[in-house]
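Before any comments, here is the structure.
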Amino acid sequence: MRSVFLIFLVVFLCNGCYGVDMPPKVEYGVLDLRGWDADKNPIVSLEGDWEFFDGLSSSGLLQTEPAYLKVPGAWNRFRTSAGTEHGGEGTGTYRLKILLDRPRGDFALRINDVSTAFRLYESGTLLRENGKVASEKDKMIPSYKHPIVLLPEAKSELKLEIEISNFYHITGGLRKSIQFGPAISIFEAKETESSLGWLVFGATFLMGLYHLILYVMRRIDRSALWFGWFCVDVSVRTFFTGSVWIYEVLPDEYWIYIHKADILTFVISVPLFSLFLNSVFPKEFHVYALRGILGISAFFSGIVCVLPASKYMWWIQFFQGFVGLFMMYLLFVMVLTLVRKREGSLLFLAGGSVLFLATLNDILNQALWIKTGYLANWGLLAFLFSQTTMLSIRFSNAFVRLEELQKSLETKVAERTQELKSAKRIAEEANALKDTFISLVSHDLRAPLANIIGVLQLIRSDYDSLDDSSILEWIERLERTSTQSLEMISTLLDLNRLRSGSFRMDNTVFHLHFEVEDVLSRFWSQAKFKNVSILNRIPKEATIEMDRSLLAAIFTNLVSNSIKFCREGDTVEIDFDRKSDNAEFSVKDSGVGIPEEMIPHLFSTDVKSTRYGTKNEVGTGLGLPLVYSIIQAYHGKISVRSDLQKGTTFTFSIPQKKEITV
């Protein structure tokens, strides 16, 4: 916070400073730069008394004797030859002569705010037209571009002439300084200003997005919502100020709509900030003040939308005065919160004070009462940092209180009955299951989906150079990856439903042999490809009572896993044994076996235990956890025994009530 304030202070105090030796000012339409050191002070502001003529020089109707008008400034109070004030709307011509030590051809001009269209000449040669200059409103086109104009000819005396027409703003003329200097210095200065503008935009937009996401995740506190939208509005406004990026990139024909959007971002910022302040300090920011601010802002927004620029800019002067009153009320609220020792009040006061000074500077600067740069963005940036810190502290304190409350609740639950303990355990398991499920989805599905997107992008970019066989090969790869992802999703859903207890078991009595044969038929091509023999040793008369789909899921995953780690000519055997109260099964293969260190983690979703098969087959790593969950759902048991290069045997049992006959 302190560093941001110091940056703001330096920018405020040093704005417009070029060095210790200040260059001369324009006097009576002449700027004498003989003896000027362009290396030490490369950029000169063409400020001072320019020659000014009422009307356009190209019309041939200029008065014979020039008057002198201060630049930067407006021509509104200029006295015409008829003795009347010029007013904001109309036309005028500025002239300036620049004297140099020697001819140089590397100079350039940077034109800033001109209301609202101009033509720039040098020694009678047209160098640039911004918008379209005309003596009548319906023939002119306004523009707010800040162009850099190169002065190509090497001369020791430059004669500048600027024709201006304005019928779209309440003030006309050269409202801001024109910079003169070596072209490379002018371009570097504009690039620096543009970079700072993008810095402000990025910082404010990201802060806004961050707080909007916070509100979506926790909708109880609306301060994050209004602060987020306020930051977004401030970030958008940076496109209209400073380097005026939006005016630069869009055609001048859209100036009317761009300027309305420009002013609206300023007007809308006040109610957004008021809503934020009211949500943070509802007892200090009076509800009637909020309603008044919302009503006045809505009124001025309507004026901007309905009236032409020259009209609503006259009304905006009153809104600027209203903003001044609002800032005074803001300071009152901040002091009140500090007196009442509200949480974050000191940070709010510090940031609000910087914002107040920056806003006051811009209002006075816009009204041409002072000649400084626009500092609202920097003031807002300092304020946004302070408010982000304040909101972070508020959220952190809320989380600390939540953690303390949670600990207190856990202590109370521990002292309650066994029923409450059981309920707490179920809730914790459900929460852990949710975290596990989210973790699996985020980690295990990201890679195949990224692979699919990558392949699609490759096909699209190289489509013309790919033949049919290459495209078919890529499509087959997409199919394999998609199938694997679909299998993973299905397994994850089944696993989640089983562990949460939401899976409805449809237990029926059926014959085992034929049900298992149906499962094995799905692996016929896979087994044939690896020349693996599968032997079903379950007696044809054997029966069991359980859910058919869950039994199929068990054998699907166990048999698939066995084939995956079998070599050419290996065997998979399925056995069954009926006990008095259990149905016992074994799935045995003569494959490569499982490393001893992996066996303890086979049925866990917390540790990935998948590996490539003997033919580089891939798996999801979720099949065995699903098998384990199904068997656990029936209160059964499962075990595994494996010897490297000799084979693996999975043995599991499903409890049965009694001997079943069909």
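Only a predicted model underlies this, so the values are computations on that prediction, with no experimental measurement involved. Residue numbers run from 1 in the order of the sequence given.
Asn557 has its side chain out of reach of Leu624: every pair of non-hydrogen atoms, C-beta onward, lies at least 4.5 Å apart. Counting heavy atoms from C-beta outward, Leu520 and Val559 have side chains that approach closer than 4.5 Å. Side-chain contact between Lys588 and Asp575 is absent, with no heavy-atom pair separated by less than 4.5 Å. Using a 4.5 Å heavy-atom threshold, the side chains of Val587 and Thr649 count as separate. A heavy-atom distance below 4.5 Å is found between the side chains of Leu225 and Trp229. Glu568 places a side-chain heavy atom less than 4.5 Å from the side chain of Lys615. Between Val640 and Ile599 there is a side-chain heavy-atom pair separated by less than 4.5 Å. Side-chain contact check for Thr648 versus Arg641: every heavy-atom pair is 4.5 Å or farther apart.
Annotation for Arg340: atom CZ counts as buried by contact number, over 12 foreign heavy atoms lying within 6.0 Å.
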**OP:** Evaluate side-chain hydrogen bond (donor to acceptor under 3.5 Å, both in side chains) for Thr614 paired with Lys564, printing each intermediate quantity in order.
**Re:** CA-CA 6 Å; Thr614 55; Lys564 176 181 174 182; over 6 Å; no
Original post:
Are Ser223 and Ser279 close enough, and set up right, to give a side-chain hydrogen bond (donor to acceptor under 3.5 Å, both in side chains), and what steps lead you there?
Top reply: CA-CA 5 Å; Ser223 62; Ser279 62; 4.7 Å; no
Subject >> Stepwise side-chain hydrogen bond (donor to acceptor under 3.5 Å, both in side chains) test for Glu545 and Asn507 >> reply: CA-CA 6 Å; Glu545 181 182 6; Asn507 295 325; 5.8 Å; no
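Residues Phe205 and Phe201 place their aromatic rings such that the two centres sit under 6.0 Å apart. In this structure, Phe585 has its ring center closer than 6.0 angstrom to the ring center of Phe555.
Screening Phe227, Phe230, Tyr215, Trp226 for a ring pair (Phe, Tyr, Trp, His ring centres under 6.0 Å) involving Phe276 leaves a single residue, Phe227.
For Trp245, the ring pair (Phe, Tyr, Trp, His ring centres under 6.0 Å) test picks out Trp198, Phe239, with sequence neighbours left out.
Comment: Lys579 does not engage Asp581 in a salt bridge, judged by the lack of any side-chain N to carboxylate O separation of less than 4.0 angstrom.
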